[in-house]
Every structure is written in structure tokens, then in C-alpha cells.
Amino acid sequence: MMDPTQTAAPAAAPNAPTEAHTETPAAAACFDTLPLDAKLLRAVADQGYATMTPIQAKAIPVVLAGRDVMGAAQTGTGKTAAFSIPLLQRMLRHENSSMSPARHPVRALVLAPTRELADQVANNVKAYSRHTKLRAAVVFGGVDMKPQTAELKAGVEVLIATPGRLLDHIEARNAVLNQVEYVVLDEADRMLDIGFLPDLQRILSYLPKTRQTLLFSATFSPEIKRLAESYLQEPVLVEVARPNATASTVEQRFYSVSADDKRAAVLKLLRDRDIKQAIVFVNSKLGCARLARSFERDGLRTNALHGDKSQDERLKALDAFKRGEVDVLVCTDVAARGLDIADLPAVFNFDVPFNAEDYVHRIGRTGRAGASGLAVTLVTREDARLVAEVEKLIKKKLELEPLELEDDRWRPPRRSEAPAGGGDRGEFRRPERERFERAERPAAPRRNSAPASDPFFDRPYEPSTMSGTPAWEQDAPSVVQPGALHHKPRKKIAALFGAKKSAASAAS
DNA sequence: AAAAAAT
């Protein structure tokens, strides 16, 4: 069943102003039907946005009403704007009279799980607040603290941060968080997972108990939902799709290959599908660096992005990729979540991710804002179990296809065949370089139009719920069967593998 | 089988 705001019925948005320049025939609600300050509406229009995406249409009024929110929507559907615009509005409405300029209190805090994502969110918040006097700043690790400190001391109303560096600033008394009124956890389920939880709890301990808290993600397990509940007060669950749903705009393919053929498979698919640009996800930093070097030898313009690179290299790699100067970005899961790369045509899972949730996030780098995208996952026999977990999580029947690598030209030499010394390893790779040299490439960032507002509407799943009561009690059992694989402790899964496999096949 | 986030 469709949500009323998502139908094409003209009556759905009677107040839609005629000046809105949208090509969408569907009468999706426009931002200016909301009680938003003109400064914010102007900033939204500056970004080229007129109509709201479903998560925005549903979450913004709830945030404006001051409620705590747990928000779930597919990747690439505008969650950042869904929380930042109404938060800015509330900050404009309620000037903090107790604000003492000398103490530079932060009024809104947004936490993100990676530095790149924090940076991106900050850029969005700055864009939406540009016509206001509210100041936004971002702090994350890997870069000099001094400029961040100076910015904090000068006074910042909205602070976007990764946890570790924020704690540094708190302890150095650069950031005063005892007057925070709004907290957002972006990629909330990641922020609440075991690796982040201690830092997160420490940060929250510095904040006032009375505040508005917002959690957003495309993935929520019932366990995390329950945990999250303890950080929220009478939260409203805002769901546009079932949590863990993949975007309908992404074509998902699963190819059965041997580990030795994975590189050849990527090259073949890049060629066969005429893919101009792609992210290739790898499970380990070492594998990431190696694969990037390999693609480089194949003549592709390639960069690696992983946590062992300097922050400078990381930001430059991402930037070069966004500008189209790099064909293939080989990454670890540092890039799995949240990053918005306009019109990225394809994502490859060179390795099947260890966590099914990460599959959802990885493929969410493509098919964003209504664009179409391709997600290819390469599956070896050992990965069958992980794929089964993905299937359970996203509740979609996945079909494993064979991939014929008939033409030897696309198969890089095996270790045993490779010429010693690693010189120029084979002319058969030349066609790759030529194809990419021929490819037409957009010179500048490619997205200027407003995001299409209807491709997200065709969900086969339950319509969103928006109620005043915490909904996950009734929701949890129906979403996932008790005992479903991805709810078992990871250790148990690992143990299953350990029992089956000996160290024999571990060499690589 | 891992990655990320402080130095």
C-alpha cells in the first residue's frame, strides 16, 4: 500500500506553490509548504531542491515538533537534510537567551562514524545555514587540532564530529557541551555498535539530559533499536521503508567466481556493462592497497581509500574520484556509509562484506537521489553463508549467476604464471586503458537538478509509520524471525566457519 | 576472515 504523500494524486499537496520548478508530475510536497524560515527556504532552493523526499516529508514536521526521532529510510534519499533543516529551524526559533558569548556553547551536536562523512554532513549543514547567523564547524581526527580549536573558541552553534577527536576537544575544554539542545547520531546503528559505544556514552555523559535526540540510518537491527530506545524519550519512529531495505533504483547482481578470477571479473564487467566509474569494496586494508595497485597496472586510473592512509590522502582520493579524475576507487568499509557521490554508476563488492548491514550501505553509494545504479557482488564458495545473511536481511531473493570468463585476455596471470620482478605484466591489459581513454567523462560535478521525488515511492514494503508511540515492540518480531542468522552473535558465525575450515585454505 | 574512531 502506498503512502498518501507518495501518490500521484494532485490532491496530495494542495499547497504546492506554482513557482516550484519540478519536473516531477507527482505532487510531492514542497519544502515551502512547511513553516520554515525564509533564510532556510532560500538555502534549500540554492541547492536546487524543491520537493521533499519521503523521509524529509515525514521526519521534518516531527523534528519541528520537538520530538525525539528514530528515522529509517533507504540510502540516498536525503536523510541529512531531513534532520539538519528542521534542527536549524528550531535553533532560529528559539534563540538561546542563556547563551553567554564568552562560553561559546554548542547548541546542536551531530556525530558521524567516519571523518569523510562528518565532513560531508558539515558541508550540508553549512549550505543550509548559509543565510543565517548560525555557525557550523566540523572536528575529526587525522588533522591538526589547532584550526579546529580556534574555530571552537570563536563560537559554534552546530558542531559535527567524529567521536575520538570530539572527546579530545571536550577534555581540552575547547568544546563546551553542557548547553547542547539537539543531538543527532548519523548512521545511528553504527554509532551504537560495540566499537563506538564507549566513546559515545562518554560524549553523551557531557550533555544535558533534557534535549532532543535524533537517530538516523538505513539499517537498524531490532537489538540496536532496543538499545537506541534507552537514549531516546518517547521517540517517534519515522520509517519510509522497512529498515535494511535496499533502494529500488539499484540493480543487484551476484556472480559466482573463484577467488583467482575476481580481478578479471571486475575488468570484464566494467567492459561489458560499459561502466565509466565504480567503487570496489574490499574487506581488508591490505587487500584494498593490493587491488588498487593491480588495477593501476591494468591501466585504470585507480586510487585506494582506507584507514591506513593519511587523512590528506583520504580526502584527496575521495575528491579526485568525485571530480571524475579517477575511474576506480578501491575502498574498505571506511567508505561504505553515507558518502554521497553524485551519479556513481556502479559499486562492486570484490569481497562479500562480513556484516550484512554493510552490504546495504555499500551498494547505497550508487542509485542515489533517484538515479539508477548497478551493484555487483562477487561470490566465492566460501561466501555462500554471508550471502545468505544478506538475503535474509534485505528480504529479497538473490540469484547467484555464473560468470563466464571465456576470454583469457581478461584473466590476469596467476601468481605462479606472473613474471618475476613484477614488470609490465601483459599487453592484454591495454584494452582497458584504451576504453577508459575513449570514455566521455563529465568535466564537473554532475548533479544540479533537484532529486527526483518519486522513485522511492514504489516500495513493495509496508508504508511508513509515524506514530506517537514507540513502535518497535510490535515491529521487531515481524521484521526478523527470532534466531535469524544475522542476529546471532558474530562469534558464533565465525565459529561455524572455523569448525568447517582448517588453516589449509587460509593462505593467500 | 575486518574496519572504523584519538595519538
Side-chain angles (χ1 to χ4, degrees), chain A residues 110-121 138-146 148-149 160-172 174-175 185-204 217 219 259 262 279-291 304-311 314-315 318 330-339 349-359 361-362 378-387 389 489-508:
Chain A
V110 183
L111 295 172
T114 68
R115 297 162 182 176
E116 285 78 5
L117 186 55
D119 196 34
Q120 176 183 298
V121 170
V138 61
V139 299
F140 52 74
V143 294
D144 195 357
M145 267 185 88
K146 285 191 215 96
Q148 297 178 355
T149 303
I160 300 96
T162 51
R165 180 55 66 89
L166 177 62
L167 282 167
D168 269 359
H169 282 296
I170 293 172
E171 275 147 29
N174 300 332
L185 302 189
D186 199 8
E187 305 295 341
D189 59 328
R190 168 63 83 238
M191 301 308 294
L192 290 166
D193 92 6
I194 200 75
F196 276 110
L197 199 54
D199 277 358
L200 182 68
Q201 283 170 331
R202 272 181 63 207
I203 291 167
L204 294 180
S217 185
T219 52
K262 281 184 178 182
I279 285 185
V280 178
F281 282 103
V282 176
N283 281 356
S284 75
K285 288 181 279 197
L286 184 61
C288 175
R290 281 181 179 159
L291 186 62
L305 175 55
H306 58 72
D308 277 352
K309 293 214 150 200
S310 73
Q311 195 51 37
R314 282 168 59 166
L315 291 170
L318 189 58
V330 186
C331 321
T332 59
D333 281 323
V334 68
R337 285 176 174 253
L339 296 186
N349 290 310
F350 191 84
D351 299 323
V352 184
F354 293 128
N355 297 323
E357 284 87 357
D358 288 333
Y359 173 83
H361 291 280
R362 283 178 177 190
L378 302 180
V379 184
T380 67
R381 293 192 56 190
E382 293 74 33
D383 300 327
R385 185 131 216 167
L386 296 173
V387 173
E389 285 188 60
R490 305 290 175 203
K491 273 177 207 155
K492 199 153 187 179
I493 295 164
L496 282 169
F497 278 96
K500 260 189 176 174
K501 273 175 61 176
S502 66
S505 55
S508 177

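Letters A, B, ... mirror the listed sequences (proteins, then strands); counts begin at 1.
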Rounded to whole Å, please give me the gap between CD in Glu116(A) and P in dA4(B). 9 Å

Just call it for Gly195(A): base, sugar-phosphate, or nothing, with non-hydrogen atoms closer than 4.0 Å on any strand. base

Ignoring hydrogens and geometry beyond distance, is the side chain of Asn355(A) in donor-acceptor contact with the base of dA2(B) at under 3.5 Å? yes

Are Asp333(A) and Arg190(A) ion-paired here, with the side-chain N under 4.0 Å from a carboxylate O? no

Base, sugar-phosphate, or nothing for Arg337(A), non-hydrogen atoms under 4.0 angstrom? nothing

Among dA6(B), dA2(B), dA5(B), the one nearest any side-chain atom of Val334(A) is dA5(B)

Over how many whole Å does the gap from Arg115(A) atom CZ to dA4(B) atom P extend? 9 Å

d(CG, Asp358(A); P, dA2(B)) in whole Å: 14 Å

Quick one: do Lys262(A) and Asp351(A) satisfy salt bridge (Lys or Arg N to Asp or Glu O under 4.0 Å)? Show the steps, please. CA-CA 9 Å; Lys262(A) 281 184 178 182; Asp351(A) 299 323; 2.9 Å; yes

Quick one: label Asn283(A) by what it contacts on the DNA or RNA (base, sugar-phosphate, nothing), any heavy atom closer than 4.0 Å. sugar-phosphate

Side-chain N or O of Thr332(A) closer than 4.0 Å to phosphate OP1/OP2 of dA2(B): no

Rounded to whole Å, how long is the line connecting atom NE2 of His169(A) with atom C1' of dT7(B)? 13 Å

First locate atom CG of Leu111(A), then atom CG of Leu192(A), and finally report the distance between them rounded to the nearest 0.5 Å. 10.5 Å

In whole angstroms, the gap separating C1' of dT7(B) from CG of Leu167(A) amounts to 13 Å

Length of the CD1-P vector between Ile279(A) and dA3(B), whole Å: 18 Å

The nucleotide from dT7(B), dA4(B), dA1(B) with an atom nearest the side chain of Arg314(A) is dA4(B)

Report the nucleotide, chosen from dA1(B), dT7(B), dA3(B), that has the shortest atom-to-atom distance to any side-chain atom of Arg165(A). dT7(B)

Would you say Thr162(A)'s side chain and Gly164(A)'s backbone share a donor-acceptor pair under 3.5 angstrom? no

Any residue meeting ring-ring contact (aromatic ring centres under 6.0 Å, His included) with Tyr359(A), in chain and number order, not counting sequence neighbours: Phe254(A)

Round to the nearest Å and state the distance from Lys309(A) atom NZ to dA4(B) atom P. 12 Å

Rounded to the Å, how far apart are Asp333(A) CG and dA4(B) P? 8 Å

